[in-house]
Amino acid sequence: MDADPLYHVKQLFHQALTPACIDEASTQPLTPGSEEPALQRAIYVARSYLALRPPQVDAALNVLAPFTSLEVPPTPARAAEALAKYIQTGSEDVVENVRDIVLEVEGEDSVDEGLVRALAGTVFILAGEKEEAVATLNDGAGHDDLECLALLTQLLLSLDRRDLAQSTFAHAKAIGNDSALVQAIEAWIGLKTGARPLHQAYYYYEELYQLPGGRTPGVLAAHAAAHLLLGHEDEAKADIADAQGQDPNNEDVLAVATALGDNVAAAKLANTKHPLAADLASKSALFDEAAAKFVSASA
């Protein structure tokens, strides 16, 4: 079996080492007419730009432009462009366009279909279309695509369906037991589940933490979260201080800092679209509603 020419690029992307992924992928051609994986490589670069905080949408669109400007743009390039445009605009028109793109690849059972479903599923998750995201990521080629399964696991964990997330992980493990992405899925479940799986999650993030260039704000935030859940508050605070020195406005860093009792971080987080911000706002509204009823009843 031939080695995957994108192995290192995928590895870095799946480990959330996005600056390193951009650097690694950019050493090779990113234009049509070069060797076969140029499109996939360009899409990983574009997705890495979009994963930065804040997302670098213009840089992502520029990387994709040589492909999207072709007379017949490749479907994965169009899907990646749609993701960038949704992040930029939040437009429902973009979501409709993504639905059409998914229909175009339906039934192909190819690498392209899996990639398109992963990109489309990301758009649907961002748009709050959770049922559509589940269906998109679990149908067709998505059922056996590790990136689709990883996104599906994250979504299921956000919905507190740990049972289904565990089943999805078992399926992913059967497909690619040694994959960095499968290890990441296991770590996400560990952070959500606690107990022994939490220790496995900590070891995973500790390994990333020790890699050259591994101490990115995202990795530091996850490393800090694992420390905090294990009761290592001082170590968690040290990670967050390091991350804030790099990017004081990173939403994941703000979320963990908020959990550590940082009121300044909490105020910043409240002005973001981070899931923790939405959860805290919802709970605050419920508390205010209950308090108002108590005051009314006591009057």
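This is a predicted model, so every value here is computed, not measured. Hydrogens, waters and symmetry mates play no part in the numbers below; they use all other heavy atoms, side chains included.
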Please tabulate, for side-chain N and O atoms in residues 250-259, each donor-acceptor pair with protein atoms closer than 3.5 Å (sequence neighbours left out).
unit_1, atom_1, unit_2, atom_2, d
N250, OD1, D252, N, 3.0
N250, OD1, V253, N, 3.1
D252, OD1, H274, NE2, 3.0
T258, OG1, L254, O, 2.8
T258, OG1, A266, N, 3.4

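- Between the side chain of T272 and the backbone N or O of L269 there is at least one donor-acceptor pair closer than 3.5 Å.
- A donor-acceptor distance shorter than 3.5 angstrom exists from the side chain of N62 to the backbone of D58, with no hydrogens or angles considered.
- Here NZ of K10 is found 12.5 Å from NE2 of H8. Values are rounded to the nearest 0.5 Å.
- Under 4.0 Å is where a charged nitrogen must lie from a carboxylate oxygen, and between R99 and E92 at least one such pair does.
- Ion pairing of K237 with D239 is absent here, as no side-chain N (NZ or NE/NH1/NH2) approaches a carboxylate O to less than 4.0 Å.
- Using modelled atom types, one side-chain atom of Q246 and one backbone atom of R215 make a donor-acceptor pair closer than 3.5 Å.
- Annotation for A77 and T68: closest pair O-CG2, 3.8 Å, computed over non-hydrogen atoms.
- The two atoms that bring Q11 and A180 nearest to each other are OE1-CB, 3.5 Å, heavy atoms only.
- Using a 4.0 Å cut-off between charged side-chain N and carboxylate O, K192 and D160 make a salt bridge.
- Using a 4.0 Å cut-off between a side-chain N of Lys or Arg and a carboxylate O of Asp or Glu, R78 and E104 qualify as a salt bridge.
- For T153 (side chain) and L149 (main-chain N/O), a donor-acceptor pair under 3.5 Å exists by modelled atom type.
- Closest approach of H143 to I175, counting heavy atoms only: O-CD1, 4.5 Å.
- Panel note: side chain T193, backbone G190; no donor-acceptor pair is recorded below 3.5 Å.
- Criterion: ILVMFWY side-chain heavy atoms under 4.5 Å apart, direct or through other members. Under it, L228 and L208 are not part of a common hydrophobic cluster.
- The ring pair (Phe, Tyr, Trp, His ring centres under 6.0 Å) check on Y204 picks up nothing, with sequence neighbours excluded.
- Between Y202 and H223, the ring centre distance stays below 6.0 Å.
- Of all heavy-atom pairs between A60 and A46, the closest is CB-O, 3.5 Å.
- Relative orientation of the H199 and Y203 rings is tilted, given thresholds of 30° and 60° on the angle between their planes.
- R117 contributes a side-chain N or O that, together with a main-chain N or O of T136, makes up a donor-acceptor pair within less than 3.5 Å.
- A side-chain donor from one of E147 and H14 sits under 3.5 Å from a side-chain acceptor of the other.
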